[in-house]
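One structure is given here, and the rest of the page talks about it.
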Amino acid sequence: MAEQNAPIRVGLLGAGTVGSQTARLLVEQKDELAQRIGRPIELSGIACLDPEEVDFPWIDKSLLTSDTMSVVKNADIVVELIGGTGVARTFVLEAMNNGASVVTANKALLAKYGPELYKAAQDNDVDIYFEAAVGGAIPIVRPLRESLVGDQVKDMLGIVNGTTNYILDEMTTKGLDFDVALKDAQAKGYAEADPTGDIEGYDAANKAAIMATLGFHTNVGIDDVTVEGITHVTADDIAAATAEGKVVKLLAVVSKDEHGVSARVYPALIRNEHPLASVRGSFNAVFVRAEYADDLMFYGRGAGGAPTASAVVGDIVTVARHIASGCTGPAIRMYNDYPIAPLSTSKAAFAVRFLIHDNPGVLAQISAVFAKNGVSINGVNQDLKPTLKDPGYDGEIQQLRLVTHMTDETTLRATVAEVCELDCVTGDPSIIRVLD
């Protein structure tokens, strides 16, 4: 009976933006959480690099320590919020091997070592929960793990990075260039000082790997995800999209067909009527298509200390309920061994923008290359840009934008590379997929 009434100990690794807010929710809602769980819950330790620098009124300083392993070994639930894939993996495995369940928001860790960690949880008869690893406060992991287990997920696409969505939204609504929008995002705290992980698509790629693994019950790691960021998207691309009744969004897209599983991150043109087109600012959304449930959309805050902490504490409560009931949640089983679909099987329509010399016959030359490679052109748009210059060329530079019919990406990229070899083409092309 004493054990049934004993507090469930929570060890927190990390006291940064999310960690501090997680501690706040656990402390300020302690009594209500105990009612929801059926047993008291308490912070047993908080590990951080410099305990002297942590100063929040809701954190008892006696709980702070730089001895992370001591926190790991004296908790029933270890909450990993330190990030990275090195020491985080060590601490998570040690926690589970020591009989503690784990809650984490570490998408990079799960994208790289997910299968190993899921098996360790199962072998040690403990839980591993990670709702906050994909989409912040958006409940998408739990539906994939539990709500949709009686269905067949066909594909998922989503806006899962708030930084890039904010930048693209500012470019769309204010006509900003990419560099200006990025600096604005950094000034407002939406982008890190080093934004590479966000703007190059790596953050979204980690989430795509997790989504594919859960959705298709097969091992999809970060190295299986093809990634393209938004650094090449220009104000002219945005303006052209707007004129066509479309917006540009960075999407994480996972799907399964006869060729295998595909997990990809890329900017895409989507029509204004699509549900994802209305996802603004730093918000996230994931669109799921299932065999029987049909279309589902999950929307909400994709980042931020308090929203992410809400998802973390939700996982803590779930795991604590299992401990109070003497059980664990459903294991993450990867019983399929699907291949990763080759890039050559990926088909889409594409919007391709070239910088060309304003000479007669240029369009004919480019069209001939597309025709030779079997890529059908659906539309053409030219917009004079007299301020652009090309060394050694005295005439005007035009932007030529072609929209293709459906074609495979390998052929499309080879065609674009061949066009760029023409003397009349200069600069780097822009290639953006068109979502049907």
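By convention here, the first residue in the shown sequence is residue 1. Atoms considered below: every heavy atom in the structure, side chains included; atoms not considered: hydrogens, waters and symmetry mates.
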Do we get [X] above [Y]'s six-membered ring, with its NZ or CZ under 6.0 Å from the centre and within 45° of the axis?
X	Y	result
Arg433	Phe350	no
Arg142	Tyr129	no
Lys107	Phe130	no

Kindly say whether [Y] contributes a backbone atom to a donor-acceptor pair with the side chain of [X] at under 3.5 angstrom?
X	Y	answer
Asn373	Val375	no
Gln186	Glu192	yes
Ser310	Ala137	no
Lys207	Val160	yes
Thr104	Glu80	yes
Thr328	Asp125	no
Asp177	Asp179	no
Asp151	Tyr292	yes
Thr345	Pro342	yes
Ser101	Asp127	yes

Assess whether atom [atom1] of [X] is packed by more than 12 heavy atoms of other residues, nucleotides or ligands within 6.0 Å.
X	atom1	value
Gln152	CD	no
Arg301	CZ	no
Asp337	CG	no
Glu146	CD	yes
Leu49	CG	no

Contact check, side chains of [X] and [Y], non-hydrogen atoms, under 4.5 Å:
X	Y	value
Leu13	Val72	yes
Phe178	Thr234	no
Leu402	Asn378	no
Leu435	Leu157	yes
Ile397	His357	yes
Val288	Met297	no
Val233	Ile238	yes
Met334	Thr218	no

If you measure from [atom1] on [X] to [atom2] on [Y], what distance do you get to the nearest 0.5 Å?
X	Y	atom1	atom2	value
Asn161	Asp198	CG	CG	4.0 Å
Ile316	Asp76	CD1	CG	12.5 Å
Cys48	Leu12	SG	CG	9.0 Å
Gln398	Thr426	CD	OG1	13.5 Å
Gln21	Glu28	CD	CD	8.5 Å
Thr308	Glu131	OG1	CD	11.0 Å

- Query: Yes or no on ring pair (Phe, Tyr, Trp, His ring centres under 6.0 Å) for Phe216 and Tyr338, after CA distance, side-chain angles and deciding distance?
  - Reply: CA-CA 9 Å; Phe216 306 126; Tyr338 295 126; 7.3 Å; no

- Task: For a side chain to side chain contact (heavy atoms under 4.5 Å, CB included) with Phe91, tell me which candidate from Ile82, Val102, Val71 qualifies.
- Result: Ile82

Do [X] and [Y] sit within salt-bridge range, that is, some charged N less than 4.0 Å from a carboxylate O?
X	Y	answer
Asp155	Arg289	yes
Arg264	Glu228	no
Glu170	Arg280	no
Asp237	Arg353	yes
Arg89	Glu116	yes

Kindly give the heavy-atom pair with the smallest separation between [X] and [Y], and that separation in Å.
X	Y	result
Ala204	Ala252	O-CB, 4.2 Å
Ala185	Ile167	CB-CG1, 4.0 Å
Ile41	Ala320	CD1-CB, 4.3 Å
Leu144	Leu148	CD2-CD1, 4.2 Å
Val425	Cys420	CG1-CA, 4.0 Å
Ala120	Leu93	CB-CD2, 3.8 Å

- Would you sort out whether Glu244 and Arg271 count as a salt bridge (Lys or Arg N to Asp or Glu O under 4.0 Å), showing the intermediate values? CA-CA 8 Å; Glu244 296 173 353; Arg271 64 188 185 280; over 6 Å; no

- Item | Worked verdict on Val78 versus Val92 for side chain to side chain contact (heavy atoms under 4.5 Å, CB included) | CA-CA 8 Å; Val78 172; Val92 166; over 6 Å; no

- Task: Would you please test Ser255 and Lys154 for side chain to side chain contact (heavy atoms under 4.5 Å, CB included) and show each step?
- Result: CA-CA 6 Å; Ser255 60; Lys154 295 193 291 187; over 6 Å; no

- Message: Between Asp408 and Thr411, is the side chain to side chain donor-acceptor pair (under 3.5 Å) condition met? List the steps.
- Response: CA-CA 6 Å; Asp408 74 87; Thr411 300; 2.7 Å; yes

- Task: Could you walk me through whether Lys249 and Asn165 pass side chain to side chain donor-acceptor pair (under 3.5 Å), step by step?
- Result: CA-CA 7 Å; Lys249 297 289 187 182; Asn165 200 55; 3.2 Å; yes

- Does the side chain to side chain contact (heavy atoms under 4.5 Å, CB included) test come out yes or no for Tyr166 and Asp184, once each step is laid out? CA-CA 10 Å; Tyr166 177 83; Asp184 176 64; 2.6 Å; yes

- Task: Specify whether Tyr335 and His217 have parallel, tilted or perpendicular ring planes, treating 30° as the upper limit for parallel and 60° as the lower limit for perpendicular.
- Result: parallel

- Residue pair Leu81, Thr22: steps toward the side chain to side chain contact (heavy atoms under 4.5 Å, CB included) verdict: CA-CA 10 Å; Leu81 300 173; Thr22 298; 3.8 Å; yes

